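Data first, discussion second: the structure below is written as structure tokens.
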There are 2 protein chains.
Amino acid sequence: MPAGLAFEDFRPGDVAEYGDLVVDRADMLDFAREFDPQPMHVSEEAARGSMLGELIASGWYTAALLMRMNCDEFLLDARSLGSPGVDSLEWRAPVRAGDRLTVRREVLSARRVPGRPEAGLVKFRFDVVNQDGAVVMRQVSQKLIGRRAEAA
Amino acid sequence: MPAGLAFEDFRPGDVAEYGDLVVDRADMLDFAREFDPQPMHVSEEAARGSMLGELIASGWYTAALLMRMNCDEFLLDARSLGSPGVDSLEWRAPVRAGDRLTVRREVLSARRVPGRPEAGLVKFRFDVVNQDGAVVMRQVSQKLIGRRAEAA
């Protein structure tokens with residue numbers, strides 16, 4: 001078990017802000033071409049006929065960028081054992097190339113898991129916020145995180 | 001408005017099965033290094049000390065692969081206007097390099113949206129199934145899909 005953040009370090013109500021990532025146009029397009037080649041995601045020209053009329057990121061790209069910011073901020077330094085899933089994911093506003101994204105994280109709950117003395121489930125709400133303060137994506141998800149050795 | 005599948009073509013209870021995608025090891029690792037570099041996702045060696053003790057795909061990679069299979073099967077041929085979000089996403093079993101994935105899609109509901117005469121919201125359940133018949137990921141999500149011109 002690595003050192004680092006443990007289940008006990010996440011308390012309901014805790015808030016953290018982090019991340020500072022500028023959406024790279026080429027990377028955004030590469031992702032879209034590989035995973036989500038809908039017209040509004042693959043080129044300005046194709047996007048012109050879409051609902052918003054402009055090029056926007058795939059929502060799954062924004063989700064992947066959030067995962068990266070979470071890894072860099074705390075997951076790689078935590079006793080992270082994986083995730084059973086996502087409770088909800090809302091795409092609230094478009095993400096465009098050049099947008100600057102940050103994350104606001106709140107711990108919603110932290111609970112023990114029957115039959116798993118070594119870990120607990122932490123439920124987070126992650127808001128991805130752009131340079132104008134708009135929440136572009138909100139995700140509620142759970143992570144299984146190891147307890148401290150002395151507690152387990 | 002392109003031709004193709006419209007809101008009216010999705011009826012609650014409709015089931016479809018499609019996709020046939022073998023998880024490529026190099027692509028899976030590329031994704032993990034870019035977006036989710038946790039030990040269990042980036043190399044066999046690093047994964048050895050993880051909960052499952054073996055290399056597995058990032059859950060976000062599986063979600064991206066589902067999006068790709070959905071695009072290829074129907075979204076690129078539908079009047080897809082985007083998605084407000086995901087109701088739930090469960091990672092139920094590990095995905096490994098070499099796994100062969102298919103999709104089972106069911107339409108859960110289809111409803112009109114107040115103030116949007118031109119479109120409707122279709123709620124789908126997508127099960128991603130591996131070569132052994134195990135559901136590795138289940139996603140419930142909604143898509144905004146244009147109505148037929150004569151209906152709108």
Side-chain angles (χ1 to χ4, degrees), chain A residues 1-2 24 27 30-42 46 49-52 56 58-72 75-94 116 118-119 137-144 146, chain B residues 1-2 24 27 30-42 46 49-52 56 58-72 75-92 94 116 118-119 137-146:
Chain A
M1 182 75 79
D24 182 84
D27 291 346
D30 282 349
F31 185 98
R33 287 175 191 136
E34 187 169 356
F35 299 114
D36 189 356
Q38 297 186 85
M40 62 280 211
H41 302 319
V42 292
S50 68
M51 186 168 62
L52 294 173
I56 61 170
S58 166
W60 297 104
Y61 186 57
T62 310
L65 292 180
L66 169 61
M67 189 63 195
R68 178 69 207 216
M69 289 190 277
N70 284 342
C71 280
D72 290 344
L75 286 176
L76 296 182
D77 185 41
R79 300 171 187 197
S80 172
L81 300 171
S83 170
V86 175
D87 293 69
S88 65
L89 180 57
E90 298 165 53
W91 292 300
R92 295 188 161 201
R116 299 210 63 157
E118 84 289 8
M137 189 181 81
R138 169 168 287 183
Q139 182 196 116
V140 174
S141 58
Q142 304 195 46
K143 315 275 183 205
L144 189 65
Chain B
M1 182 74 81
D24 182 83
D27 291 346
D30 282 349
F31 184 99
R33 286 174 193 138
E34 188 169 355
F35 299 114
D36 189 358
Q38 297 186 86
M40 62 281 208
H41 302 319
V42 292
S50 68
M51 187 167 63
L52 295 172
I56 61 170
S58 166
W60 297 103
Y61 185 57
T62 309
L65 292 179
L66 170 61
M67 189 64 196
R68 178 69 208 216
M69 289 189 278
N70 285 342
C71 280
D72 291 344
L75 286 177
L76 296 183
D77 186 40
R79 300 173 186 195
S80 172
L81 299 173
S83 169
V86 174
D87 293 70
S88 64
L89 180 56
E90 299 165 52
W91 291 300
R92 294 187 162 203
R116 299 210 62 158
E118 83 290 7
M137 190 180 80
R138 168 168 286 184
Q139 181 195 118
V140 174
S141 59
Q142 304 195 47
K143 315 275 183 205
L144 189 66
I145 300 178

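All of these numbers come straight from a predicted model, not from anything done at the bench. So that the names make sense, note that chain A is the first sequence line, chain B the second, and so on, each numbered from 1.
A search for side chain to side chain contact (heavy atoms under 4.5 Å, CB included) contacts involving A:Asp36 returns A:Gln38, A:His41, A:Ser58, A:Trp60, B:Met67, B:Cys71, not counting sequence neighbours. Among residues two or more places apart in sequence or in another chain, the salt bridge (charged side-chain N to carboxylate O under 4.0 Å, His left out) test is passed with B:Asp24 by none.
Under a 3.5 Å cut-off, the side chain of A:Arg68 and the backbone N or O of B:Arg33 do form a donor-acceptor pair.
The line from CD of A:Glu90 to CD of B:Gln142 is 11.0 Å long, rounded to the nearest 0.5 Å. Note that CG of B:Asp87 is 11.5 Å distant from CG of A:Asp87, once rounded to the nearest 0.5 Å.
The candidate with the highest count of non-hydrogen atom pairs below 4.5 Å against chain A, out of B:Pro39, B:Ser141, B:Gly85, is B:Gly85. Residue with the most contacts toward chain A among B:Asn70, B:Val86, B:Asp72: B:Val86 (heavy-atom pairs, distance under 4.5 Å).
At a 4.5 Å heavy-atom cutoff, A:Ser50 makes no contact with chain B through either its backbone or its side chain. For A:Leu144, the part lying near chain B is the side chain, with the backbone staying farther off; criterion is any non-hydrogen pair under 4.5 Å. Proximity to chain A (any heavy atom under 4.5 Å) is shown, for B:Ser83, by both the backbone and the side chain. Neither the backbone nor the side chain of A:Met137 comes within less than 4.5 Å of any heavy atom in chain B. Only the backbone of A:Pro84 comes within contact range of chain B, with at least one heavy atom under 4.5 Å from a heavy atom of that chain.
A perpendicular orientation is assigned to the rings of B:Phe35 and A:Tyr61, their planes being inclined by more than 60° (bins at 30° and 60°).
Taking every heavy atom of both residues into account, A:Met40 and B:Leu81 meet most closely at CE-C, 4.3 Å.
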